[in-house]
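Inspection log for the structure reproduced underneath, given as structure tokens.
Protein chains get the first letters and strands the later ones, always in sequence-line order, with residue 1 at the start of each.
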Protein chains: 2
Amino acid sequence: MSTSPSRLLLARKARQGNLYVANCPSRGVLDHLTSRWGSLILILLLERTHRFSELGREIGGVSEKMLAQSLQQLEADGFLTRTVYPTVPPKVEYSLTPLGSEAATPIKTLTDWVELNVSKVLKVRAKRHPAPLT
Amino acid sequence: MSTSPSRLLLARKARQGNLYVANCPSRGVLDHLTSRWGSLILILLLERTHRFSELGREIGGVSEKMLAQSLQQLEADGFLTRTVYPTVPPKVEYSLTPLGSEAATPIKTLTDWVELNVSKVLKVRAKRHPAPLT
DNA sequence: CGGTATCCAGCGCGATACTG
DNA sequence: CAGTATCGCGCTGGATACCG
């Protein structure tokens with residue numbers, strides 16, 4: 001098959017092992033960890049085990065589809081475990097694996113920093129966007 | 001134009017009267033920081049000041065459009081400064097602001113962790129993918 | 001060199017309906 | 001309660017062409 005010239009550029013770029021690059025699997029892992037809901041899930045699970053609906057309720061605004069999808073990705077990556085209780089009302093609990101805890105910690109550090117400094121960012125944005133649209 | 005994607009998403013949700021409980025503007029800031037190219041830009045600028053084409057070359061596989069867009073977002077958020085030298089061949093340099101350095105540090109921590117542990121994740125994925133495909 | 005404007009394909013993602 | 005299946009919109013992002 002014909003290889004796109006940009007792909008060649010990507011391959012040539014792989015010389016730096018220290019910096020993860022576009023065609024590196026690290027990218028996919030990082031995408032899962034920093035995805036819109038993935039990071040929130042990890043932070044919540046860092047506190048304690050949660051049920052499916054609990055996660056959806058606490059996060060808010062996430063569809064069941066995306067919640068399930070995000071959970072599946074994180075589970076497939078080995079960041080969390082899914083435990084099903086065969087009770088009459090189905091009950092499923094999600095909790096972090098040791099690997100997941102390791103991953104969630106720097107994520108929480110990052111999100112904490114953002115929350116602490118978001119006001120600064122908003123001030124900068126306001127200067128550059130004096131008339132925001134409604 | 002330069003409308004934040006997350007803003008659009010929020011607007012669309014609100015328009016449809018969904019239960020979206022805006023998860024605070026931190027979400028949009030985090031999106032910029034952890035975006036596909038945004039995180040790489042910050043990491044590179046953490047080392048030193050870069051020119052536009054240098055960033056594109058070192059990252060690899062990024063279109064000019066996305067590179068410019070990512071840089072604009074990070075600049076609008078106050079994470080980096082854009083310096084134009086009015087020379088005959090145009091020259092533009094990007095460097096981190098103090099705020100950008102603060103933001104880039106936890107990001108680098110996270111990406112470093114991912115690079116160190118990506119092999120573990122790949123092993124887990126391989127176990128869960130017993131029958132690749134025909 | 002360092003962008004911007006336009007077009008267009010892909011698919012992410014929400015809404016809805018259905019299952020166990 | 002905890003999902004899965006399906007559909008369709010419109011955002012994301014690459015390619016291309018064009019300016020200062």
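- Summarising the geometry, the separation between CZ on A/Arg36 and C1' on C/dG12 is reported as 10 Å, rounded to the nearest angstrom.
- Comparing the axis of the opening five pairs of the helix from C/dC1-D/dG20 to C/dG20-D/dC1 with that of the closing five pairs yields an angle of 50°, rounded to 10°.
- Counting only heavy atoms from C-beta outward, the side chains of A/Phe79 and A/Val29 approach each other to under 4.5 Å.
- Atom CE of A/Met66 and atom P of D/dC11 are 17 Å apart (whole Å).
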Report all interatomic pairs (protein N or O, nucleotide N or O of nucleotides 1-5 of chain D) with separations under 3.5 Å.
{"from": "D/dC1", "atom 1": "O3'", "to": "A/Arg51", "atom 2": "NH2", "distance (Å)": "2.9"}
{"from": "D/dC1", "atom 1": "O3'", "to": "A/Pro90", "atom 2": "O", "distance (Å)": "3.2"}
{"from": "D/dA2", "atom 1": "OP1", "to": "A/Arg51", "atom 2": "NE", "distance (Å)": "2.9"}
{"from": "D/dA2", "atom 1": "OP1", "to": "A/Arg51", "atom 2": "NH2", "distance (Å)": "2.9"}
{"from": "D/dA2", "atom 1": "OP1", "to": "A/Val92", "atom 2": "N", "distance (Å)": "3.4"}
{"from": "D/dA2", "atom 1": "OP2", "to": "A/Ser53", "atom 2": "N", "distance (Å)": "3.0"}
{"from": "D/dA2", "atom 1": "OP2", "to": "A/Ser53", "atom 2": "OG", "distance (Å)": "2.7"}
{"from": "D/dG3", "atom 1": "OP1", "to": "A/Arg82", "atom 2": "NE", "distance (Å)": "3.0"}
{"from": "D/dG3", "atom 1": "OP1", "to": "A/Arg82", "atom 2": "NH2", "distance (Å)": "2.4"}
{"from": "D/dG3", "atom 1": "OP1", "to": "A/Tyr94", "atom 2": "OH", "distance (Å)": "3.3"}
{"from": "D/dG3", "atom 1": "OP2", "to": "A/Tyr94", "atom 2": "OH", "distance (Å)": "2.6"}
{"from": "D/dG3", "atom 1": "N7", "to": "A/Glu64", "atom 2": "OE1", "distance (Å)": "2.7"}
{"from": "D/dT4", "atom 1": "OP1", "to": "A/Gln72", "atom 2": "NE2", "distance (Å)": "3.3"}
{"from": "D/dT4", "atom 1": "OP2", "to": "A/Gln72", "atom 2": "NE2", "distance (Å)": "2.9"}

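- Put simply, CG on B/Asp31 is 16 Å from P on C/dG12, counting in whole angstrom units.
- Using a 4.5 Å heavy-atom cutoff, the side chains of B/Leu96 and B/Thr81 are not in contact.
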Could you walk me through whether A/Asp31 and A/Arg27 pass the salt bridge (Lys or Arg N to Asp or Glu O under 4.0 Å) check? CA-CA 6 Å; A/Asp31 281 345; A/Arg27 184 79 69 174; 5.9 Å; no
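- Between A/Arg51 and A/Glu58 there is no salt bridge, since none of the side-chain N atoms of the basic residue sits less than 4.0 Å from a carboxylate O of the acidic one.
- Separating the CD1 atom of B/Ile59 from the P atom of D/dG13 is a distance of 14 Å, rounded to the nearest angstrom.
- Residues B/Ile59 and B/Ile41 approach most closely at CD1-CG1, 3.9 Å, considering heavy atoms.
- Nearest heavy atoms, B/Val118 versus A/Pro25: CG2-C, 4.2 Å.
- Closest heavy-atom contact between B/Glu54 and B/His50: OE1-CA, 3.2 Å.
- Taking atom CH2 of residue B/Trp37 and atom P of nucleotide D/dT12, one finds them 16 Å apart after rounding to whole Å.
- In this structure B/Arg82 satisfies the side-chain hydrogen bond (donor to acceptor under 3.5 Å, both in side chains) test together with B/Tyr94, sequence neighbours excluded.
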